Amino acid sequence: MKLQGPKGTRDFYPDDQARRRYIHDAWRRVSVRHGFDEVDGPIYETLDLYKVKSGDGIVSELFSFRRANGTTDYAIRPEFTPTLARMVAARANALPRPIKWFALPNMCRAERHQRGRLREFDQWNVDLLGLDTPLADAEVIAVACDLLAELGVTPAMVQCRISHREVVRQILAALGVADDKMQDAFTLLDAKGKMTPEQFTDKAVALGLGKEQVARFDAMCGKTYAVGDVDALRDAAGIDDDLADLRALDATLAGFGLADWCAYDLGIVRGLAYYTGTVFELHVTVSDERALGGGGRYDKLIELFGGPAMSGVGFGMGDVVLANLLEDQGLLPEHLAPTPDAFVLAASDLGATHLPGLVATLRRAGLHTRMSYKQTRNLGKLLKDAEKARARFAVLLDDTAAEGQAQVKDLATGEQSPCAITDLAQQLRL
RNA sequence: GUGGCUGUAGCUCAGUUGGUUAGAGCACCAGGUUGUGAUCCUGGGGGUCGGGGGUUCAAAUCCCCUCAGCCACCCCA
């Protein structure tokens, strides 16, 4: 019988898990620093919950199941937003505002895996609800950019491309797109990168645009505008609105010191129909990766899940593309597993009798302590064990252990000195 | 769901027009150099050559099917 993991899933051996922890720790550390509280939910929900936002079509992309003799359909979570919306809706009136939550769920999607996409992955979710000012949008973008900086990523590697659904809607309307064609226009814009200019023009004309207007719109979408450059964007758009919302966002982004990370790109749409305002995506610019993450404002979402009217803005970032980026850019430290404070070894048979007691003492003192399991008294081999474990200190027990002495060797400098066993825990802490 | 490429040890790979019992390096385990992290030496474990079927006296090698991996399409909550 051959046993292998399900396709598109990963096994995390110690080095892999250490790397995963490195990313999770950064996600958690930066989230907390920005004032977000960690939450989580069940790893599966009723299937119906996932249909609320995405419709029945979502079902084929889920791992859904039903208990033997059961009648309820469930699905392993493919995203966290429905769980979050359900949690917020259930206690909407009791939660202090604004609600600032983050989560580090793993999730499963029944898609064909490829580079940057697996069937099970971890995703960092950050949401800020109950605050409808651009400050909220900016804060969510800020935590995303800060995470990247925390891991050594620079604006030369990743850009946060920002658009605004309402601004784009106004531009499209000014160009002559009727309200009932607006959704189609967004869909077309989203698909623009995957078609030839001729195909794009043909489809745009079908939506009621003239060729001249298409060309103008096309030129606008192919260009990005820097933070502080909203006037240029407005001039190019040819609309009368003063874009107050976008200007406020712009000023806050600049205030947060994010001008280097961000640029406005009206070609950013996001597939999701439920975004209502700001939308953004994190794009790797130094290699050909799929988007690192993205998000936006979703002011109708909580209502959709049966809660009160509540604005919100959030984003998600997957671990797979992020790990690819860090790997490619040489940003993953080589050794990520926790290293021992002490590595105890017996240099003589008499010393060996004192080994368990010393190990236990050091561990109770809170020191990460390992030992050699080898029978040999060959110090060269024993020290090699200590080195391979990447311990800071080796503690050698020889016959002097009977008199309460041990030898402490600093494995980085090679310096060695005697130390009373009773003082060891204290000494090694320094 | 569609298409392309690839599967030999944990990893990187050899393996002749099909020809004994499938190899190397690294890694892992044990021992030696009578000893304080190096180098070196010796030995060991580990592969039904992704799996199944077929052709043949003979298959890692040729054919078919299947599974898995990578890449792209689709999708991307």
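As the structure is a prediction and not an experimental result, all values here were calculated from the model.
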Sub-3.5 Å pairs of nitrogen or oxygen atoms, protein against nucleotides 4-10 of chain B:
none

[N] and [M]: how far apart are their [atom1] atoms, nearest whole angstrom?
N      : M      : atom1 : result
B:rC29 : B:rC70 : P     : 29 Å
B:rU21 : B:rC13 : C1'   : 22 Å
B:rC62 : B:rU17 : P     : 11 Å
B:rG1  : B:rG46 : C1'   : 40 Å
B:rG45 : B:rU8  : P     : 23 Å
B:rC40 : B:rU56 : C1'   : 49 Å
B:rG43 : B:rG25 : P     : 11 Å
B:rA68 : B:rG52 : C1'   : 14 Å

Phosphate OP1/OP2 of [N]: any [X] side-chain N/O under 4.0 Å:
X      : N      : answer
A:Q114 : B:rC71 : no
A:K388 : B:rC28 : yes
A:K7   : B:rC67 : no

Once you round it to whole Å, what is the distance between [atom2] of [N] and [atom1] of [X]?
X      : N      : atom1 : atom2 : result
A:H113 : B:rC67 : NE2   : P     : 13 Å
A:L383 : B:rG37 : CG    : C1'   : 5 Å
A:R119 : B:rA77 : CZ    : P     : 18 Å

Among [options], which nucleotide sits nearest the side chain of [X]?
X      : options                : result
A:R290 : B:rU36, B:rA77, B:rC76 : B:rC76
A:R117 : B:rG37, B:rC74, B:rG31 : B:rC74
A:E79  : B:rG37, B:rU36, B:rA77 : B:rA77

Heavy atoms under 4.0 Å, any strand shown: does [X] hit a base, just sugar-phosphate, or nothing?
X      : answer
A:G316 : nothing
A:E61  : base
A:D410 : base
A:I58  : base
A:G8   : sugar-phosphate
A:K374 : sugar-phosphate

Give me the stems containing RNA chain B, sorted by first residue, counting only three or more consecutive Watson-Crick or G-U pairs with both distances under 3.5 Å; say none if there aren't any.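 RNA chain B forms these stems: B:1-7 with B:67-73, B:10-13 with B:23-26, B:28-32 with B:40-44, B:50-54 with B:62-66.
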Is the ring pair A:Y275/A:Y298 parallel, tilted or perpendicular, if the boundaries are 30 and 60 degrees?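 Aromatic pair A:Y275/A:Y298 classed tilted.
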I'd like to know if A:Q416 reaches the base of B:rU36 with its side chain, counting only an N/O donor and acceptor under 3.5 Å.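 Such a pair exists between side chain and base.
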Base of B:rA77 paired with side chain of A:R270 (donor-acceptor, under 3.5 Å):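 Donor-acceptor pair under 3.5 Å: no.
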Do side-chain atoms of A:K374 reach the backbone of A:L345 as a donor and acceptor pair under 3.5 angstrom?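 No; zero donor-acceptor contacts below 3.5 Å.
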Is it true that a side-chain atom of A:R119 and a backbone atom of A:E111 form a donor plus acceptor pair closer than 3.5 Å?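 The answer is yes, because a donor-acceptor pair under 3.5 Å joins these two groups.
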Looking at [Y] and [X], is any side-chain nitrogen of the basic one under 4.0 Å from a carboxylate oxygen of the acidic one?
X      : Y      : result
A:R10  : A:D319 : yes
A:D25  : A:R21  : yes
A:R169 : A:E166 : yes

Residue [X] excluded, over 12 heavy atoms near [atom1] under 6.0 Å:
X      : atom1 : answer
A:R86  : CZ    : yes
A:R97  : CZ    : yes
A:L350 : CG    : yes
A:D15  : CG    : no

Any non-hydrogen side-chain atom of A:W261 less than 4.5 Å from a side-chain atom of A:I141?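 Counting from C-beta outward, A:W261 and A:I141 never come under 4.5 Å.
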